[in-house]
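Okay, so here's the structure we're looking at.
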Amino acid sequence: MDILEHGGKEMIEEMYKKAGELHGHYCPGLAIGVRATAEALEILKPSKKAHNLCCIAENRACYLDGIQMIFGTTMGNGNIELRETGKTAFNFYDRATGRSVRLVAKVWPENLSRDELTDYILTAPLEAVFDQTEVHFEAPADTFKRHKSIVCPRCGEACTEPFLRVVDGVVVCLDCAIAGRAAQ
């Protein structure tokens, strides 16, 4: 369901302005994140914006700031993840309802100026801007669960439990596990 069909053009423009304040400038990349997020909210219809909303983005670019600003996901609250596939694709989730959607940017007209492209992304019909598919990843774990920190016996740095590994029978942090170092 396209947000523009429900009179959302002004709302998307307002979201874009707000996201630009965070991002520091206005560009087509930011417009992609704002539009994808606005459409995801329309599709998922979450009951409220809370820690239940999350996103896995498949590439690093300006659109991440648009997603963070509009969806309320941040690296700090653990509700946005980056899994680089090189694609302009976003997997959106509402953990409370179990609903999810993946939006993948289409190839757009090449003869547009920067401003025209931004306007196209923000105002063209949904099906002209994104393909809607099934998500490619499971929803990120709810990071509101607090984990105990353990001091790695090898490097002496504290590490939360999910990132501990056993190497040669010794529980060590992920860095030491990758390096193959156990306590000495």
Side-chain angles (χ1 to χ4, degrees), residues 1-140:
M1 187 171 303
D2 191 334
I3 194 164
L4 296 178
E5 293 174 9
H6 293 90
K9 182 176 180 177
E10 293 80 20
M11 183 179 71
I12 287 178
E13 289 174 2
E14 187 61 35
M15 289 177 177
Y16 181 65
K17 287 179 185 175
K18 188 174 180 181
E21 292 172 14
L22 169 73
H23 187 59
H25 68 273
Y26 298 91
C27 63
L30 184 65
I32 293 168
V34 168
R35 179 67 186 276
T37 306
E39 295 296 349
L41 287 169
E42 181 73 17
I43 293 163
L44 298 177
K45 297 191 183 320
S47 57
K48 58 184 174 181
K49 285 176 80 171
H51 72 276
N52 291 324
L53 298 177
C54 53
C55 176
I56 296 176
E58 296 187 37
N59 204 6
R60 179 187 325 263
C62 297
Y63 35 72
L64 292 173
D65 285 345
I67 294 168
Q68 289 186 99
M69 188 69 185
I70 308 309
F71 215 51
T73 57
T74 68
M75 294 298 284
N77 70 20
N79 287 341
I80 191 165
E81 288 186 15
L82 180 62
R83 298 200 189 157
E84 300 228 38
T85 65
K87 298 176 183 179
T88 304
F90 315 99
N91 301 266
F92 293 98
Y93 309 86
D94 180 350
R95 288 190 198 101
T97 64
R99 288 190 293 258
S100 61
V101 65
R102 180 173 182 257
L103 296 175
V104 184
K106 290 192 171 199
V107 176
W108 304 311
E110 294 182 15
N111 58 342
L112 301 177
S113 71
R114 181 179 171 101
D115 289 341
E116 291 170 332
L117 180 57
T118 298
D119 186 59
Y120 178 85
I121 293 164
L122 293 173
T123 63
L126 172 63
E127 54 278 350
V129 181
F130 296 104
D131 284 322
Q132 184 176 329
T133 71
E134 296 294 320
V135 296
H136 282 197
F137 309 102
E138 286 187 35

How far apart are the closest heavy atoms of [X] and [Y], and which atoms are they?
X: C55; Y: T73; result: N-CG2, 4.3 Å
X: A40; Y: L103; result: N-CD1, 4.2 Å
X: V34; Y: A19; result: CG2-CB, 3.7 Å
X: T118; Y: C27; result: OG1-C, 3.7 Å
X: A36; Y: F130; result: CB-CZ, 3.6 Å
X: L64; Y: I80; result: CD2-CD1, 4.1 Å

Interatomic spacing from [atom1] in [X] to [atom2] in [Y] - rounded to 0.5 Å:
X: T37; Y: I67; atom1: OG1; atom2: CD1; answer: 4.5 Å
X: I32; Y: L122; atom1: CD1; atom2: CG; answer: 9.5 Å
X: F71; Y: F92; atom1: CZ; atom2: CZ; answer: 6.0 Å
X: L22; Y: L30; atom1: CG; atom2: CG; answer: 8.5 Å
X: E116; Y: N111; atom1: CD; atom2: CG; answer: 7.5 Å

Could you tell me whether the side chain of [X] and the main chain of [Y] form a donor-acceptor pair under 3.5 Å?
X: R102; Y: T133; value: no
X: T85; Y: E58; value: yes
X: R95; Y: C54; value: no
X: R99; Y: I43; value: no
X: K106; Y: D131; value: no
X: N91; Y: H136; value: yes

| If you count the non-hydrogen atoms of other residues, nucleotides and ligands that lie under 6.0 Å from CD in E84, is the total more than 12? |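 It does: E84 CD has more than 12 such atoms within range.
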May I ask you to test the [X]-[Y] pair for a side-chain heavy-atom distance under 4.5 Å?
X: L117; Y: R114; answer: no
X: M11; Y: Y16; answer: no
X: K87; Y: V104; answer: no

| query | Can R35 and E39 be said to form a salt bridge (Lys or Arg N to Asp or Glu O under 4.0 Å), step by step? | reply | CA-CA 6 Å; R35 179 67 186 276; E39 295 296 349; 2.8 Å; yes
